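Below, chains carry the letters A, B, ... as their sequence lines are ordered, and counting in each starts from 1. Just so it is clear, the values below take in all heavy atoms, side chains as well, and ignore hydrogens, waters and symmetry mates. All of these numbers come straight from a predicted model, not from anything done at the bench.
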Amino acid sequence: MNADSSKDDVLTIAGRDFSSRLIIGTGKYADYAENAAAAEAAGAEIVTVAVRRVNLSDPSAPMLIDYIDPKKYTFLPNTAGCFTGEDAVRTLRLAREAGGWSLVKLEVLGDEKTLYPNMPETLRSAELLVKEGFDVMVYCSDDPIMAKQLEDIGCCAIMPLAAPIGSGLGVQNPINIRMIIEQSKVPVLVDAGVGTASDAAIAMELGCDGVLMNTAIAEAKNPVLMAQAMRHAVIAGRQAYLAGRMAKRLYADPSSPLAGLI
Amino acid sequence: MNVQINGEMREFEAPMSILQLLQAMSLPSQKIAVELNLEIVPKSAYHSQMVAAGDRIEIVHFIGGG
C-alpha cells in the first residue's frame, strides 16, 4: 500500500460507489442556502432528507431541491418521526415516488427524550422494507447482536449511534462500535452523536466506513467552516485507519537513536 | 366535491384528475409525491387518476432532515 492508495478507496453501499465517506443531514440550518454551502464544503455525496407534507397555504415557499440538486447529491430519505414499521414503510414509499430511488435511511425512534432507536420495531420495519425492494441503511443502537440481526435481514449499511442524536457527545462506546465493525460484511457508519472534528476522526480510526452527521455542522457557529473541518477529519481518520496506528506503550521510547551518543 | 388534502378539507369542481388538482393548487408535480387513500399514485398516472368526493390525499416533498 502506498500513499496514493486512498484515492481508490471507495465506499460501496448497495452497489453504488462513493468517494466521500461523510454523509450530512439537511436539518436545523438557518436556510437552504447555508445548507447547500455546507454540503459543498463537506464534500458530501449523500445527504439525508425528511419527507413531509407540502405547505398548501404557500406553494411558492422555497423547496429543498431548489437548493440541493438531487442530480448532484444522492438523497437519502429518512423515516424521522416514524414510531412504527407501517409509518416507516408508508413514508419511504412516498419518498421513492418523490425521488425515484430505493436507497433509504430507516430510523424508528422509541423515545422522544433520548431519541434512542426502538430496536424491535426497527428490526420489523427493516424486514418490511427489504421485502419491498428498498436498500436500507439503518440507524440502530450500538449493540452488536442487534447489528448482526439487521445485517442478516438484508440491510445494506449498519449505522449505530455514537451518542444520542443531536447530543454532540462523540463516540461513547468505542468497544461496541469496534465489535460491530469487525463482524459486519456491509458498511458500518456512525450515525448521530458526533460533536466536533475529532469525534469524526475517532469514529473513522475505529474502522467505520463513514460518518453521518447533522447537528455538529448545522449548529456550529460557522457551519460551512465546520463542514470543511469534518471533511478533513473523516479523511484523516480514514487514512490513519488504513495506515495502521503504532502500538501503544506504557513507557517512553526514544525517537533519536541512543547508539553513538557522545 | 370536498376532498381532504394533508388533513385540510378543500372544495374542487368535479371531475378532476390528480394533475389538475396539483395545477389548481400551484404545486410542482415533479417535486412532490401523492398518496390517494393510502395508496401511492405514480407520477405516470397523475393525468389519468381521477379524484372523487371524500378522497383523502397526502401531498409530500423532501425537506431538511437528519
Would you say the side-chain atoms of [X] pair up with the backbone N or O of [Y], donor to acceptor, closer than 3.5 Å?
| X | Y | answer |
| --- | --- | --- |
| B/S26 | A/P59 | no |
| A/R53 | B/V60 | no |
| B/N6 | A/L56 | no |

By a 4.5 Å heavy-atom criterion (distance strictly below it), what part of [X] contacts chain B: side chain, backbone, both, or neither?
| X | result |
| --- | --- |
| A/N78 | side chain |
| A/L94 | both |
| A/D191 | neither |
| A/K105 | side chain |
| A/Y67 | neither |
| A/A218 | neither |

So for B/I32, is it side chain, backbone, both, or neither that comes closer than 4.5 Å to the heavy atoms of chain A?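 Both backbone and side chain.
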
Quick one: pull up [atom1] in [X] and [atom2] in [Y] and give me the separation to the nearest 0.5 Å.
| X | Y | atom1 | atom2 | answer |
| --- | --- | --- | --- | --- |
| A/R96 | B/I40 | CZ | CD1 | 8.5 Å |
| B/L27 | A/N55 | CG | CG | 9.5 Å |
| B/H61 | A/I65 | NE2 | CD1 | 9.5 Å |

Check the angle between the aromatic planes of B/F62 and A/F75 and answer parallel, tilted or perpendicular using the 30° and 60° thresholds.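 Ring orientation of B/F62 relative to A/F75: perpendicular.
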
Yes or no on salt bridge (Lys or Arg N to Asp or Glu O under 4.0 Å) for B/E35 and A/R93, after CA distance, side-chain angles and deciding distance? CA-CA 9 Å; B/E35 189 192 72; A/R93 277 183 187 152; over 6 Å; no

Contact leader toward chain B among A/V49, A/N214, A/V47, where contacts are heavy-atom pairs under 4.5 Å: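 Going by pairs under 4.5 Å, I would pick A/V49.
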
Is atom CZ of A/F18 surrounded by more than 12 heavy atoms (other residues, nucleotides or ligands) closer than 6.0 Å?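 Buried by this count: over 12 neighbours within 6.0 Å.
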
Would you call A/S57 and B/E8 a side-chain contact if the rule is heavy atoms closer than 4.5 Å? no

